[in-house]
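Below is one structure, written out as structure tokens; comments come after it.
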Protein chains: 2
Amino acid sequence: MSMLEQVLVGGQWCASLDAQAGFRAEDPVRAEAIGPTFPISGAADVEAAMRAAIDVADALSAAPPTQIADFLERYAAAIEADADRLVALAHAETALPVEPRLRTVELPRTSNQLRLAAKAVREYAWTDPVIDTQGGLRAHRAPLSKPVLVFGPNNFPFAFNAIAGSDFASAIAARNPVIAKAHPSHPATSQRLAQLAHAALLEAGLPATAVQMLYHFDNALGLAWAGDSRLGAIGFTGSRAGGLALKAAADKVGVPIYAELSSVNPVFLLPGALAERGDALAQEFFTSCTMGSGQFCTNPGIVIVPKGEQGDAFVGATTQLFAKAEPKVLFSRGVQQNLARAIAGLCAAGAELLVGGNAGEGYRFQPTLLGVDGEVFLAHAESLQAEAFGPVSLIVRAEDLTAMQRIAASFEGNLTGTIYRPADGSDDASWQAIAPILRNKIGRLIANKMPTGVAVSAAMNHGGPYPSTSHPGFTAVGMPAAIRRFTALHSYDNVPEALLPQELRNRNPGAVQRMVDGRWTDGDLA
Amino acid sequence: MSMLEQVLVGGQWCASLDAQAGFRAEDPVRAEAIGPTFPISGAADVEAAMRAAIDVADALSAAPPTQIADFLERYAAAIEADADRLVALAHAETALPVEPRLRTVELPRTSNQLRLAAKAVREYAWTDPVIDTQGGLRAHRAPLSKPVLVFGPNNFPFAFNAIAGSDFASAIAARNPVIAKAHPSHPATSQRLAQLAHAALLEAGLPATAVQMLYHFDNALGLAWAGDSRLGAIGFTGSRAGGLALKAAADKVGVPIYAELSSVNPVFLLPGALAERGDALAQEFFTSCTMGSGQFCTNPGIVIVPKGEQGDAFVGATTQLFAKAEPKVLFSRGVQQNLARAIAGLCAAGAELLVGGNAGEGYRFQPTLLGVDGEVFLAHAESLQAEAFGPVSLIVRAEDLTAMQRIAASFEGNLTGTIYRPADGSDDASWQAIAPILRNKIGRLIANKMPTGVAVSAAMNHGGPYPSTSHPGFTAVGMPAAIRRFTALHSYDNVPEALLPQELRNRNPGAVQRMVDGRWTDGDLA
């Protein structure tokens, strides 16, 4: 298989040791293979990457924060400098629009995220230093000092790419070696990012083996790898079935796995909001649901609409918007097939197809709206809240506020929940009736905004209760919080000051914010 | 079974719904049953407790922090007021010494821990408020709003009791209902604590079902319960086998479990420390290893001693101290049998019995010292680092610094690691050679102190990498960190200020420390 592209293993680009086969990206518009052939790695590639990562872990743990930050910033700059090429590759492989999505939104988001991680590193923000002067105890968050394996999803070729996204930035910011498993639907994009990462690593003077990448391997090998106790942690974004299988393997050997699994992101429209601006909401909802062909973890998959005239008008307006829309291009045949299957499942469980429902040319699919009565939804809540990944949403018609409360109570864990309320606060009693129930089912509670925007903010929670993610206490987006996932808590008891890490010594190594005897301060210790 | 004691379920003391059998505590000194007969609960008790806890979860989430703190403080005061009785019960059931252990150390530690939890509640310290004014995002830690199940261990009848210890205080501080599973080796102590907790709950005006307790149930029921997805989280302290079984059940349904499993707490003696004060170290080590009959998670189970004259002198002095000591009373026949089995396992793996090794009258066991050559240890590192729970330690003789490094590298995850160094810093090169290796294997790195003291401090880490605990990022001791285990991350996006939780509103509800636009502040928002 001499025509296969090289993997990034052991600090250099090299031929796969044991490629099992090759694969190519596809142009989703034409459903045709494009670009070079990439290797599907076997166990030898995995073992080589693991050994290299294990060997470098302690050295990377000891790297100065400035060097890590320097890498992240050089990489961010390189991504921006290479934007034309990266965007062209990603567009060809994913069919996501160049503007505004790839060029103006996702690529700058990605470099910004790397820079925010660098900032958190320079400020030691993720290390949470705690000093108890009387007890002689000092604690902080430290690297895992073991390899972190990151599985990237199909839906963000830059911002969640295993070699450039939030999991990558978080794991490397915490000074852990990263082995990225690119998503096979955009291998050339991932390859280019990995080239830039590799070059930035060398420029920053970090060990070349700190970042490695494989393009693809089969599920059995993935499961075996997730069950390797030499790993420090796993980051995963993708399907629930895949994530749960990896989680089971990782759990068995005590490897922490941060898996973002699935979410239908319920949106409740209070009567007052519909009365105030029903037509505008229809447009807002349609845009959010079909943008990026609906391939977002935070796609508004279920909308709860009150019964009655104003609710009918909203459904009517929405149906028209969906009906007029062109079919949307999905990432792959797999996504297309899963979507058709998911819609069939919703219909079998009692949902009615309002508009759309069919696949189109290439990997296209019609924007699709389904409807169901609130009582039917409640009777089959489990089947009817299955995620349909794509430009699809289910409208649930609720009889009254009580029905809305019961529907809110029926949800399993989700990333987000949204309530639209009128600006004048006239529906606040309804908010107070629904919000506390919804609150405990979700990671982020949103007012009057569709859930698809996920800002890279210290106050973001892109996480939520199981089964939306594998742990309710962590976010995959937002610095420094996302970094904490890939850290270990370290306490020092009675250790002489000179033998402590920099950020735990008396002299503050910058304006690091530290909890000293119960108060946050950025000063030195007396 | 009319003679059975009552369980605390559904907000009151009541007869077990389906006791499968009864059990009594034992006096470990005489190996005789003492006190009343307590029920071994069946599935009906469990389900009743679960339903009551689920029903109260949302109300408890909404309870004012002052009320939670009031409960914790009343409970602390009640424990202190009842100290004579509690100490007498615990002494009878555990044979732990009244002074200083139970009366002067453990009981005040327990009430202090409850008060520190109350302080964290009053200060909102565990909620970690983060405000991003520009992004319109605010986040904090919130209750899980689901029941927390706490399994208490045998070795701290007060400070880790499922109804009074750190897991209990942490879970209730985060406003979650707690169901305590007392340890069957001290049921009367747990009963008395539960009576005090129940009364304090009512005095504080909190729902009576917020705290419930069962004494015992069989392993199969425990595993079924751990696998109930209606749970918010599980806290467990106990044996590795038991903890891993519960973890497997909880992992399967996505219930976070914080399990403290086992640890041998390696202690390295640098040559300079031996030269400086070898005899004093022998005494210090002997005291730490035999105190509380060695029944500590942080017992110094393995001591690494350099070969040569000074090392020989240390081993000689230590052996004499162990040889002169009386047999120590263990908690139960189970502990006694497991210890004999563990010692036999160590000997089978190549360790040599230096002194002790035998069970005595009642549940007594001789303080026991084993020895092994460093190379033998390295060849059988897995078997030779099995925990022997009791007054037992294994001395590993290391040829040189390199051997010490290799031994440090051979350890699996532990709660603590200790290095004894000379006061003049003459061995700091050796420290630097060993500490970075040991650091990544442990939660707390200690200098010149035995690991058995676990201060309740914000900078404590009573946690460590798997398999010492189930997650490297959390501590079971120390406020507010321990509370964070029982929380969910909640973000609010574009939510009007009036609809936010108190600690996320513009006006600071006290002097709450909040991260506002990247800086910690205790002021109001402009």
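Chain identifiers are assigned alphabetically (A, B, ...) following the order of the sequence lines, protein sequences preceding nucleic acid strands; residue numbering begins at 1 within each chain. This one's a predicted model, so the numbers in the text were calculated from it and none came from an experiment.
Looking at A:R485, there are no atoms closer than 4.5 Å to chain B (heavy atoms on both sides), in backbone or side chain. Contact of A:I442 with chain B is made through the backbone alone, with heavy-atom distances under 4.5 Å. With a 4.5 angstrom heavy-atom cutoff, A:V255 does not touch chain B via any of its atoms. Of the atoms belonging to A:Q134, not a single heavy atom falls under 4.5 Å from chain B. Only the side chain of A:P256 comes within contact range of chain B, with heavy atoms under 4.5 Å apart. With a threshold of 4.5 angstrom between heavy atoms, A:W520 approaches chain B through its backbone and through its side chain. With a threshold of 4.5 angstrom between heavy atoms, A:D128 does not approach chain B through any atom at all. Contact of A:R519 with chain B is made through backbone and side chain together, with heavy-atom distances under 4.5 Å.
Figure legend: cation-pi geometry between A:R439 and B:Y492, with NZ or CZ positioned under 6.0 Å from the six-membered ring centre and within 45° of its axis. Cation-pi check for B:R514 over B:Y124 is not met; the charged atom does not lie both under 6.0 angstrom from the ring centroid and within 45 degrees of its normal.
Between A:N448 and A:T418, the shortest heavy-atom distance links the atoms N-CG2, 4.5 Å. The two residues B:P451 and B:V454 come nearest to each other via the heavy atoms O-CG2, 4.2 Å.
A 4.5 Å side-chain heavy-atom check between B:L60 and B:P143 finds every atom pair outside the cut-off.
The residue among A:A458, A:G135, A:A511, A:A455 with the most heavy atom pairs within less than 4.5 Å of chain B is A:A458. For the set B:D522, B:L445, B:V130, the count of heavy-atom pairs under 4.5 angstrom toward chain A peaks at B:L445. In terms of heavy-atom pairs under 4.5 Å with chain A, the best-connected choice from B:D428, B:D251, B:I446, B:V253 is B:D251. Each of A:P472, A:G518, A:A139 has some count of heavy-atom pairs under 4.5 Å with chain B, and the biggest count is that of A:P472. Chain B forms the most heavy-atom pairs under 4.5 Å with one residue out of A:P480, A:P465, A:P496, and that residue is A:P496. Counting heavy-atom pairs under 4.5 Å between each of B:K252, B:H490, B:R444 and chain A puts B:H490 at the top. Of the residues considered (B:G232, B:S145, B:A459, B:G413), B:A459 shows the highest number of contacts with chain A, using heavy-atom pairs under 4.5 Å. No other option in B:L499, B:T521, B:I131 has as many heavy-atom pairs under 4.5 Å with chain A as B:L499. When each of B:G443, B:A481, B:S470, B:A488 is scored by its heavy-atom pairs under 4.5 Å with chain A, the top score falls to B:G443.
Between A:F268 and A:F411, the two ring planes are perpendicular [angle over 60°; tilted spans 30° to 60°].
Counting non-hydrogen atoms of other residues, nucleotides and ligands closer than 6.0 Å to NZ of A:K119 gives a total of 12 or fewer.
A salt bridge is absent between A:R138 and A:D132: the closest approach of a Lys/Arg side-chain nitrogen to an acidic carboxylate oxygen does not fall below 4.0 angstrom. Ionic pairing of B:E412 and B:R240 is present here: one or more N-O contacts between side-chain nitrogen and carboxylate oxygen are shorter than 4.0 angstrom.
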Test A:L270 against A:I434 for side chain to side chain contact (heavy atoms under 4.5 Å, CB included), laying out the working first.
-> CA-CA 10 Å; A:L270 296 185; A:I434 298 169; 3.7 Å; yes
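Judged purely by atom type and a 3.5 angstrom limit, B:Y420 has no side-chain atom pairing as donor or acceptor with the backbone of B:G272.
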